[in-house]
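Following: one structure in structure tokens, then a few remarks.
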Protein chains: 2
Amino acid sequence: MIIFKKNVILPVFCENLPHMLNNYSKEDKVLLAVDCIIFGFDKEELKILLIKRDFEPEKGKWSLMGGFLKRNETLDDSANRILHHLTGFHNIYMEQLYGFSKVDRDPAERTVSVAYYALINIEEHNQELIEQYSARWFSISEAPKLIFDHDQMVNHAIRRLRYRTSNKPIGFELLPEKFTMRQLQKLYEAILDEELDKRNFINKINGLDILIKLTEKDMSSSRKGSFLYQFDKEKYDKKVEDGFTFKI
Amino acid sequence: MIIFKKNVILPVFCENLPHMLNNYSKEDKVLLAVDCIIFGFDKEELKILLIKRDFEPEKGKWSLMGGFLKRNETLDDSANRILHHLTGFHNIYMEQLYGFSKVDRDPAERTVSVAYYALINIEEHNQELIEQYSARWFSISEAPKLIFDHDQMVNHAIRRLRYRTSNKPIGFELLPEKFTMRQLQKLYEAILDEELDKRNFINKINGLDILIKLTEKDMSSSRKGSFLYQFDKEKYDKKVEDGFTFKI
DNA sequence: TTTATAAGTGTTATTTTTACATTTCCAAAT
DNA sequence: ATTTGGAAATGTAAAAATAACACTTATAAA
């Protein structure tokens, strides 16, 4: 709905003051895209899920999964919808990143894209959907060049992910429900791109007191076997409420 | 420019795959607003610059300064343009914050707004322009309720500003060229909303080695007078290059 | 029974952060 | 000329957080 004003004296500078007059009709509209950087973690590597374009423009090139904002949805809704299409899941951990707006970023039409990043348990994706979209997991270091400004988006997402480790226990979103300390450490090493000391890491994690140690062991990686842990979301939430910050 | 595809067999799921077919013409377009949280620092308080709407809807209410993205500009361009209108200055320190997209956030029309925050030296604004826009500086604690989701934007900006102190010497953007240690400390106290120990603060700042101590003194606040300092951007830039982080 | 291998475990040194009180300088008043 | 008032300037010691470091244990497979 567009409202037109009556009986208003327009000073000269008013055409530059859209918030002062709701003559929205004169304003340019744009396509608003939402592109998702989907992170997964596989054994020792941080990966991203990319889709292959099989049409022009940029046919045969790899790209982030994306879509356009619809009139009746929020950006979060849109990102959720896009993630659901590719993975089959709802309630994926997801965060808005940044708006990319170079005028010619998409050669087909003026488009502004808001990038989101998402964290998923790589074991849980829907293989069928992924095939439908010609999607593939790439480790960060081996990912191909992407279309448009998608590489820039990925770099932005990695930086954000790295920073987020100091605020939120995002790592747990990327692991299966039950995991070993070694897996958790490898994940943090992958995200932070640095090696961590095993004892210091375990001490710090235990100090946070947000893990449940199970009696169950994972026997696949050694003869001794390693205990499995679970993330205790309840304990974590209580701690966050009391104003605590998660820091590795 | 919109490109229509020919001779393409459309699988059933293709309408949900805009990146797979550039049939952009079917997609909804939206108005993209840019709203600016303009911070200033006055003596002991962090302030924001607000404008008063003198028209419907939301006549008489206070709001952030904003505008709409034009077809041929980036979001940064747009924010710069808006800031220039209100202050008369170019090259204002500015950062993109977040995209706000509640479907009915603007009752007049579907609008997505990308918020920016900016830091300006409060002594340097253009009084004439500010009067033209019925603008006023408010201390954060005394700011009126704002229209739409602008309060949410301001809160977001304060959080970001607080975080940025640990990365960037943003404080200096808010001060006059020459300033006293006390002013700098008061500013950080205002941003972080906590009292800091004078000696520890000075030790830390001096440890960063990015200030030039002038021989000149400010005599307005005491009989002894206090030395004035200048931010040494060159030294700072060199340090950033060597991978250093600024932390108070 | 032996062996091979990753899992598990604490202490000390170093660095960073916090807490804290006295002296100095100068303009204004006398 | 002397005194006075008040903010500016300054350093050290205790506490906390972080970083460095190596041996023992549990188990399956040989």
Side-chain angles (χ1 to χ4, degrees), chain A residues 43-44 162-163 165-167 175-176 178-230 239 242-248, chain B residues 43-44 162-163 165-167 175-176 178-230 239 242-248:
Chain A
K43 306 276 190 302
E44 306 215 341
R162 218 160 264 170
Y163 163 60
T165 57
S166 66
N167 288 329
L175 292 171
K178 298 171 183 184
F179 51 85
T180 65
M181 274 291 179
R182 185 183 164 77
Q183 279 178 286
L184 186 61
Q185 184 181 342
K186 283 284 172 196
L187 170 58
Y188 273 91
E189 287 180 341
I191 293 175
L192 300 173
D193 194 28
E194 61 179 318
E195 297 213 338
L196 302 172
D197 178 272
K198 179 168 57 159
R199 277 173 294 185
N200 291 342
F201 181 79
I202 292 174
N203 288 341
K204 217 171 245 181
I205 292 284
N206 284 333
L208 297 172
D209 188 29
I210 53 169
L211 291 190
I212 301 163
K213 185 175 187 170
L214 306 176
T215 50
E216 211 177 329
K217 276 187 165 185
D218 170 80
M219 300 307 294
S220 66
S221 63
S222 76
R223 289 176 183 166
K224 183 177 180 178
S226 53
F227 283 103
L228 289 165
Y229 290 81
Q230 260 183 314
K239 277 176 178 275
D242 301 348
F244 124 114
T245 62
F246 184 90
K247 171 92 170 48
I248 294 296
Chain B
K43 307 275 191 299
E44 306 216 339
R162 218 161 263 171
Y163 163 59
T165 58
S166 67
N167 288 327
L175 291 172
K178 299 172 183 182
F179 51 85
T180 65
M181 274 290 180
R182 183 183 166 77
Q183 279 178 287
L184 186 62
Q185 183 181 341
K186 283 285 171 192
L187 170 58
Y188 273 90
E189 289 180 340
I191 294 175
L192 300 173
D193 194 27
E194 62 178 316
E195 296 211 340
L196 301 172
D197 178 272
K198 180 168 57 162
R199 276 173 294 185
N200 292 340
F201 181 79
I202 291 175
N203 288 341
K204 216 170 244 180
I205 292 285
N206 283 333
L208 297 171
D209 188 31
I210 53 170
L211 291 191
I212 301 163
K213 185 175 187 170
L214 306 177
T215 48
E216 208 176 332
K217 276 187 166 187
D218 169 79
M219 300 307 291
S220 66
S221 64
S222 74
R223 289 177 183 164
K224 184 177 179 178
S226 52
F227 283 104
L228 289 165
Y229 290 81
Q230 260 183 315
K239 277 178 177 270
D242 302 348
F244 123 117
T245 61
F246 183 91
K247 171 92 167 50
I248 295 295

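- Along DNA chain C, the nucleotide nearest B/K198 and the nucleotide nearest A/N206 are compared for position; the residue whose nucleotide lies closer to the 5' end is A/N206.
- Atom NZ of A/K239 and atom CZ of A/F246 lie 11.0 Å apart (nearest 0.5 Å).
- For B/F201 and D/dT10, the CZ to C1' distance is 16 Å, given to the nearest whole Å.
- Taking a heavy-atom distance under 4.0 Å as the criterion, the stretch of DNA chain C touched by chain B extends 5' to 3' from C/dT18 to C/dA28.
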Under 3.5 Å, which protein N or O atoms sit close to an N or O of nucleotides 17-20 of chain D? Give each pair with its distance.
unit_1, atom_1, unit_2, atom_2, d
D/dA20, N7, A/N200, ND2, 3.0
D/dA20, N6, A/N200, OD1, 3.0

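- An OP1 or OP2 oxygen of D/dA9 is reached within less than 4.0 angstrom by no side-chain nitrogen or oxygen of B/S226.
- For D/dA9, the base has no donor-acceptor partner in the side chain of B/K224 [N/O atoms by modelled type, under 3.5 angstrom].
- Between B/Y188 and B/F201, the angle of the ring planes lies from 30° to 60°, which puts this pair in the tilted group.
- Remark: B/S222 OG to B/K217 NZ distance equals 7.5 Å, nearest 0.5 Å.
- Heavy atoms of other residues, nucleotides or ligands lying less than 6.0 angstrom from CD of B/E194 number more than 12.
- Atom-to-atom, NZ of B/K217 to P of D/dA8 comes out at 10 Å; the value is rounded to the nearest Å.
- Remark: A/T180 OG1 to A/K178 NZ distance equals 13.5 Å, nearest 0.5 Å.
- A salt bridge links A/E44 with A/R182; the closest basic N to acidic carboxylate O contact falls under 4.0 Å.
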Side chain to side chain contact (heavy atoms under 4.5 Å, CB included) between B/I205 and B/I210, worked out: CA-CA 8 Å; B/I205 292 285; B/I210 53 170; 5.9 Å; no

CA sep, side-chain torsions, deciding dist, call: B/M181, B/L211, side chain to side chain contact (heavy atoms under 4.5 Å, CB included): CA-CA 10 Å; B/M181 274 290 180; B/L211 291 191; 3.7 Å; yes

